[in-house]
Asks: 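Just passing along the structure, written as structure tokens.
Just so it is clear, the structure is predicted and the values come from calculations on it, not from any experiment.
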Amino acid sequence: MSGVDDLDPVLVHHIVNTLGWPGLRPLQEESIAPLMAGHDAVLLAPTAGGKTEAASFPLLSRMTAERWSGTSVLYVCPLKALLNNLLPRLETYTAWLGRSAALWHGDVGAGQRKRILAQRPDVLLTTPESLEAMLVSANVDHASFFAGLRTIVVDEVHAFAGDDRGWHLLAVLERLQRVVGRPVQRVGLSATVGNPDELLGWLQGSGAGKRPARVVAPHLSETQSPSSAPPPGDIQLDYVGSVDNAATVIASLHQGEKRLVFCESRRLVEELGEKLRFKGVTTFLSHASLSVDERRRAEQAFAEARDCVIVSTSTLELGIDVGDLDRVIQLDAPTTVASFLQRLGRTGRRQGTPRNCLFLALDENGLLGAAGLLLQWSRGWVEPVVAPPEPRHIVAQQVLALCLQEHRVGDRLWSEWWNGLGPFGQPAEPIVRHLVDEGYLDRDGGMLFIGPEAERRFGHRHFMNLTAVFTAPPQFTVLQGRREIGRTDPDLLTEQIEGPRKLLLAGRSWLVTYIDWQRKRCFVEPVDGGGRAKWSSVGFALGSSFELARAVREVLLGADPPVALTKRAVVSLAEAREHFLEEVHPGGTLIARGSGGYVKWWTWAGHRTNATLAATLGTVVTPAQRVNDCWIRLREDLTQQAWKQAVAEAPEQLCLPDVDERAVRGLKFADALPPRLAQATLAARLADFDGARAVLEEPVRFVTDLR
């Protein structure tokens, strides 16, 4: 069986003498055999578990032993910042063996790209979007550049698999494999997920079941604590009631320590950041609408400082190194247990220090959401990573990208490029016909090529917009002189206000001095307070899962998560239980008339389940209602007989939820689909048939009288 002795001797020398490691971690040791054998694999470990080394050490050893040449390893990440962070480590490891690593993404300049094309690095770090841009670029001879490719490492693979970027990544890898002309080893690095075997099968794409593969996760096979005991960690839940109070608590607690605060929106990051600065706390911010330079400065300063706070959205959830962190603080709750595990893993990296997280709930919903999430976490439950169903818009994008890559593709041969991968084969036929009918593709002599409609919609800047699979809402760039601060929602620049127009960005207030409408830029100067932050979302929010919504119900029925609860949290939980006393029941769901006279069915089943139930029970449900996690509004004239009849028929007639047209517009490339297919795509993603069946099987208690 392979072990440390199978690694390259030069590499082992540096592991011991340069890194000063007494040995490898279990994950790193167990990864050697399958990776050296060329097997596909998913390597699982908590944050800071040494996954990068677990993948790179065996692959670099194999690179030397088998004399790989050219760019033989691709290292794919979901974030450019994560790639920037990883580059110095991989440059060090490759240099030990006389090899090289380089970076290729949207922020890499033309000069560096030319050097990479001329002197191909052994390891190339990139994003899926940049990888596809290389395939379609006229400046890259992709067949020659990737000729030596042997292995693809996908870091944070769970972050890809759960959304459309995962489908995009799989499709690009299949095209790349066809260019190379041989199977390419796939290695995924992931935090703990609820379904690692399924994640590995997903990563293998068309090779699933055909190539040897293994999940490496030694921490899951280690002796576990009794199931009744909570996982290790110093976790505390507090109720503060407002952002002002949260800032007061953060400013007064743990002074002298380095604290990372996670918020669930960019607006909240900005508001908290400004309030902390007003209280004299050294504060840095990180979110997607800050400029690259602004984020980089903040992350570097935070990494070098001690007594400070960085406030972030999920942008710092993944493995970007922000130095030696003392404490994680969470406002309200993240949307998944998996996200919480990522954030918790930011702490406890120094020997002898526990992992820790302080939850600060801003309101009742935030308190219940945090308590329910912590209850599920304490049971060892983690969400399974499931690819979104029916990625028809990605199929349309991929067919267009393939025609751009190959210039002309046989109209009977295009499906072969994806090697039979799920939706990209025969199921794509009606999508290809639609692309031809609408002028996105032209057909001539049995060949398909880019048509005028694709040129018009996506041709700007060499089809750059075709390689990004997510839609960003329009934003204005905010500048102080020549310095870019970030981007803001145009609504803040157009809404009617009295007095001067002020923005809140990078934790500071700014006075708008000039707006360049044509170039979508606004110029600002610093001002003392009064700024506002706002960003529009695209698509629809899915709310809580069935499991987390049910955990909230358990909390309301009296279950406490096994973490430290402050006196304020205990009092507020008691008030919440009193508030919802008539809306929860341990024996099933409830139908009750609320204070506004509305009849509500309290399912506590999550957004997707409730959307499915509302669509299925249309005869007894109030139409066009806004779906939430907890209840469904029923018709005022509902009778017992009508209810029984509707519920009796429902399990065999479950319906896809209705889809708002605005949500369809937020689905990138939806215009390249027939309207009915675009709507069906979103409807399938909004549905939860398993949750709906579970609710329909439960008894219903009527708290209100029906006719």
Side-chain angles (χ1 to χ4, degrees), residues 74 76 104-106 108 110 113-114 116-117 124 126-147 149 152 164-181 205 391-419 421 423-425 428-472 667-673:
L74 283 178
V76 180
W104 185 299
H105 58 56
V108 174
R113 294 185 181 205
K114 287 180 180 178
I116 289 172
L117 293 175
L124 184 68
T126 189
T127 63
E129 292 77 18
S130 292
L131 182 56
E132 181 163 66
M134 293 180 77
L135 287 175
V136 303
S137 172
N139 299 320
V140 179
D141 182 350
H142 53 262
S144 173
F145 185 87
F146 293 114
L149 185 64
I152 296 167
D164 282 330
R165 288 188 78 196
W167 281 119
H168 175 252
L169 172 64
L170 285 189
V172 170
L173 295 188
E174 295 293 341
R175 284 163 48 203
L176 184 59
Q177 190 164 277
R178 186 172 176 86
V179 166
V180 174
R392 299 180 182 95
H393 54 306
I394 306 300
V395 172
Q397 180 266 342
Q398 281 295 291
V399 172
L400 292 171
L402 175 64
C403 289
L404 196 60
Q405 169 188 317
E406 296 297 306
H407 307 300
R408 289 174 176 263
V409 180
D411 64 0
R412 297 295 177 204
L413 301 176
W414 58 266
S415 62
E416 295 180 8
W417 277 85
W418 289 282
N419 304 306
L421 177 66
F424 297 91
E429 287 280 2
I431 297 172
V432 174
R433 286 198 303 271
H434 178 77
L435 291 173
V436 173
D437 292 343
E438 297 298 316
Y440 288 92
L441 292 177
D442 269 350
R443 177 185 279 131
D444 182 35
M447 304 295 288
L448 298 174
F449 51 94
I450 290 293
E453 187 64 14
E455 291 271 6
R456 186 179 72 83
R457 288 184 178 271
F458 307 118
H460 179 63
R461 295 182 63 187
H462 308 292
F463 286 88
M464 179 178 173
N465 203 33
L466 189 62
T467 62
V469 300
F470 50 86
T471 298
L667 188 71
K668 191 163 185 183
F669 309 114
D671 289 343
L673 292 176

Asks: Got a second to check how far D442's CG is from M447's CE, nearest 0.5 Å?
Replies: 13.0 Å
Asks: For the CD1 atom of I450 and the CD atom of E406, what is their distance to the nearest 0.5 Å?
Replies: 12.0 Å
Asks: From L435 CG over to F669 CZ, what is the distance, rounded to the nearest 0.5 angstrom?
Replies: 11.5 Å
Asks: Measure the spacing between CD1 of I152 and CG of L124 and express it to the nearest 0.5 Å.
Replies: 11.0 Å
Asks: Between E129 and H105, is there a side-chain heavy-atom distance shorter than 4.5 Å?
Replies: no
Asks: Do you know the tightest heavy-atom contact between V179 and Q405?
Replies: CG2-NE2, 3.8 Å
Asks: Are the side chains of H393 and D164 in contact, using a 4.5 Å heavy-atom criterion?
Replies: yes
Asks: Quick one: pull up CD1 in I116 and CZ in R113 and give me the separation to the nearest 0.5 Å.
Replies: 8.0 Å
Asks: Which heavy-atom pair separates V140 from M134 by the least distance, and what is that distance?
Replies: CB-O, 3.6 Å
Asks: Is it true that a side-chain atom of R175 and a backbone atom of W417 form a donor plus acceptor pair closer than 3.5 Å?
Replies: no
Asks: Would you name the heavy atoms of L169 and P128 that are closest together and state the gap between them?
Replies: CD1-CG, 3.9 Å
Asks: Is there a side-chain contact between L402 and W418 in this structure, where contact means two heavy atoms from C-beta onward sitting under 4.5 Å apart?
Replies: yes
Asks: Return the CD to CG distance between E132 and L173, rounded to the nearest 0.5 Å.
Replies: 10.5 Å
Asks: Please find the pair of heavy atoms, one from T126 and one from L131, that lie closest to each other, and give the distance.
Replies: OG1-N, 3.8 Å
Asks: Where do N419 and Q177 come nearest, in terms of heavy atoms and distance?
Replies: ND2-NE2, 4.4 Å
Asks: Do Q398 and E174 have side-chain N/O donor and acceptor atoms under 3.5 Å apart?
Replies: no
Asks: Side-chain contact test, heavy atoms from C-beta onward, threshold under 4.5 Å: evaluate it for V395 versus W167 and give yes or no.
Replies: no
Asks: Give a yes or no answer on whether the side chain of W414 reaches the backbone of D411 with a donor-acceptor pair at less than 3.5 Å.
Replies: yes
Asks: What are the two closest heavy atoms between F449 and H407, and how far apart are they?
Replies: CB-O, 3.2 Å
Asks: Hey, which of V409, L441, L404, I431 is the one that makes side-chain contact (heavy atoms from CB on, under 4.5 Å) with V399?
Replies: L441
